[in-house]
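This report concerns only the one structure given below.
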Amino acid sequence: MDELKNKLKAQIIEQLNLEDLSPEDFESETPLFGEGLGLDSIDALELIVLLEREYNIKLNDPNKGKEVLYSVDSMAKFILEN
Amino acid sequence: MAFFIASNIINSIGFDTEEQIGNIESYTTGITDCDSFSGQTTAPIATIDQQKLNSARLHLKETLTRFETLSILSIEKALNNTTVDLNNPGTLLILSTTKGNIELLKTKAPENFDGHVYSAAENIARHFNCHNTPIVVCNACISGVLALLTAKRYLDRGKFHTIVAAGADVASDFIVSGFEAFKSLSGVPCKPFDKDRLGLSLGEGAGTIVLSNKKPTDGKDYIRLQSGATANDANHISGPSRTGEGLFLAASKALQGKTNIDFISAHGTATPYNDDMESMALSRLGLQSVPVNSFKGYFGHTLGAAGIIETILTAQSMLQNRVFATLGLENPGTIEKLNVSNKHTDKELNKSLKLASGFGGCNAAIVLEKNG
Amino acid sequence: MDSTTLYINQTVKLKDNQFILNNKETLSTKEDGFSPLGKAAYKHLKSLYPKYYKMDPLCKMAFLCSEFILSGTELSDEQKEKTALIFANSSSTFATDKKFHAGIGEIPSPALFVYTLPNILIGEVSIRNGLKGENAFFIEPKFNALLLVEQISTIFDTTDTELCLAGWLDYYDNTNYEGLMILVSRKPDNRILNSEQLNNIYN
């Protein structure tokens with residue numbers, strides 16, 4: 001699980017061009033949107049692309065999206081479940 | 001001064017304004033299931049009938065792209081009702097498009113790419129033997145309204161006496177897959193202002209308005225582009241401001257303190273955010289009880305052509321004193337309540353407001369006046 | 001129609017791997033290409049604006065030019081509402097178009113798609129600085145000083161615009177790019193806004 005979370009952090013940083021950030025800079029439970037990392041709606045769509053391209057999981061329901069993309073923790077959990 | 005002296009629309013519900021109005025009156029939509037883009041999306045798209053397009057373009061001798069064909073046909077049809085000659089030094093062509101000939105990326109190697117927007121403009125200008133180099137407005141979905149505003153600004157400067165403003169965009173894999181990536185396409189024909197709206201429907205089209213600095217003298221009712229403005233939300237590059245800031249500013253400047261508006265043609269794309277944002281802006285302007293509609297339920301969002309096509313229809317609404325229904329609307333549901341309807345109604349319309357918003361936080365508003 | 005004189009208060013040129021602010025070379029890199037120059041400029045400006053990294057090269061060019069011009073300037077809310085942005089280029093968003101197009105067959109990227117409209121550069125500069133005035137983006141085959149001068153003059157004459165950021169920003173690829181951004185206002189300065197002056201600055 002930890003290995004997946006670290007891999008996810010690195011993938012998120014690369015996918016979203018978060019160049020000034022490194023995996024050590026945020027926790028896996030840090031909220032990705034709003035107060036935490038401050039990602040926006042385009043980032044959310046790019047994370048959905050990430051899930052599809054790297055993990056072959058399609059996320060079509062926007063409401064489910066909010067839950068799954070809450071943090072690296074929730075993303076890892078979702079990946080393992082699918 | 002900027003008076004409308006002729007116009008034309010080509011899109012999924014017609015090749016001229018009369019055909020458009022006929023289909024609008026019968027609540028007909030051109031947004032249908034589309035095989036051509038099944039690789040990119042299952043969403044319905046309002047495409048132009050290829051057979052109709054083929055017969056309409058038989059007289060065109062040059063090799064032209066679909067985008068250039070639509071643009072030229074629309075301009076030709078508009079000019080047919082006038083004595084305007086773009087070879088005259090006092091005339092100017094202003095084109096409006098978001099992606100022009102982007103389809104050529106499929107067939108041309110990058111080093112041979114001749115699909116740049118300015119090349120398309122040159123091809124179109126050559127067809128009409130334009131004396132002056134055309135101006136090309138490329139400002140996302142406000143391009144059409146901005147082209148009209150630019151036309152008025154140039155007419156007021158006195159450099160030209162007649163300006164042809166034409167906008168066009170074609171449906172392409174590029175555009176369809178882009179909006180699909182944004183998950184903003186509706187799986188059913190779009191439902192502007194509806195509480196269950198799911199997103200926009202793309203459409204292809206071309207629209208042309210011929211503007212003159214001389215008031216028409218044929219005794220008929222006429223429409224004048226009275227004023228206009230643009231403004232930026234300064235908020236987000238793809239989502240509109242939640243308070244409708246930019247649209248509020250643009251419309252305020254266009255209205256110049258007067259709120260005696262009889263009708264509003266909204267941008268009304270039917271995305272959850274856009275329609276809410278427009279309702280906020282209209283409420284802030286004190287215009288929430290003015291009849292408002294979206295034309296996009298009839299022929300989709302025609303991008304670079306939208307501002308021109310929908311302004312032509314707004315002018316027609318004013319000339320006919322008729323507020324056309326918002327097709328696709330069943331149960332209104334925007335953050336601020338709006339005066340929307342899914343039935344055509346008669347009403348005296350002397351002054352209208354046309355709104356547009358686009359990616360990049362841009363917003364535009366123009367005021368049209370009848371016999372002013 | 002009010003036609004008061006307009007002045008070019010600031011200029012930034014982006015050419016031959018250099019940023020040239022008001023005719024004085026401000027930053028350059030030995031390495032060829034916009035990528036290293038942009039990175040150096042971002043660090044030099046100390047903008048501390050993480051969104052920068054998401055921008056495509058065209059928007060980065062616009063952002064950096066506007067940072068050179070506007071950093072150190074405090075604009076009131078009223079001035080921000082009255083700052084217009086008027087730009088043109090020949091490439092539209094060609095470089096990003098190619099990148100997006102290449103991804104269509106697999107999974108198209110929304111972050112790339114949004115940058116396939118040239119006016120997004122106006123959006124990025126507006127967001128960074130809170131600018132809410134008039135917007136316009138034009139496509140021309142090559143730098144056209146007359147178009148810019150006419151558009152800027154008209155905006156000042158017919159609207160309540162007090163400041164205008166304008167220019168030409170073209171990006172075809174990492175080694176084929178150029179930019180010119182100017183700040184225009186009614187505040188008297190050495191350079192009057194006209195075609196001759198603008199062509200001199202560009203060339």
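Chain letters run A, B, ... following the sequence lines, proteins first and then strands; every chain starts at 1.
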* Structure fact -> So, the part of C:I155 with a heavy atom under 4.5 Å from chain B: the answer is side chain
* Structure fact -> B:N235 and B:P240 have their tightest heavy-atom pair at ND2-O, 3.9 Å
* Are C:Y172 and C:Y177 close enough that their ring centers fall under 6.0 Å? -> no
* **Heavy-atom pair count under 4.5 Å with chain B, highest-scoring of C:E150, C:E140, C:E134** => C:E134
* **Closest contact, heavy atoms only, B:V170 versus B:E103** => CG2-OE1, 3.9 Å
* Structure fact -> When the 4.5 angstrom heavy-atom criterion is applied to B:D233 and chain C, the contacting part is backbone
* Asked: Going by distance alone, is a donor N or O of one side chain under 3.5 Å from an acceptor N or O of the other, for C:T175 and C:D32?
  -> no
* Best-contacting candidate, C:S92, C:G105, C:S90, C:A111, against chain B by heavy atom pairs under 4.5 angstrom -> C:S90
* Structure fact -> Okay, C:I139 and chain B: the region with an atom under 4.5 Å from a heavy atom over there is both
* Looking at B:H236, B:E122, B:K99, B:K106, which one has more heavy-atom pairs under 4.5 Å with chain C than the rest? -> B:K99
* To do: May I ask you to check whether C:Y42 and C:Y49 place their ring centres under 6.0 Å from each other?
  => no
* To do: Quick one: which of B:A229, B:A250, B:S96, B:A364 has the most heavy-atom pairs under 4.5 Å with chain C, could you say?
  => B:A229
* To do: Identify which one of C:F94, C:Y115, C:F113 satisfies the ring pair (Phe, Tyr, Trp, His ring centres under 6.0 Å) criterion when paired with C:F100.
  => C:F113
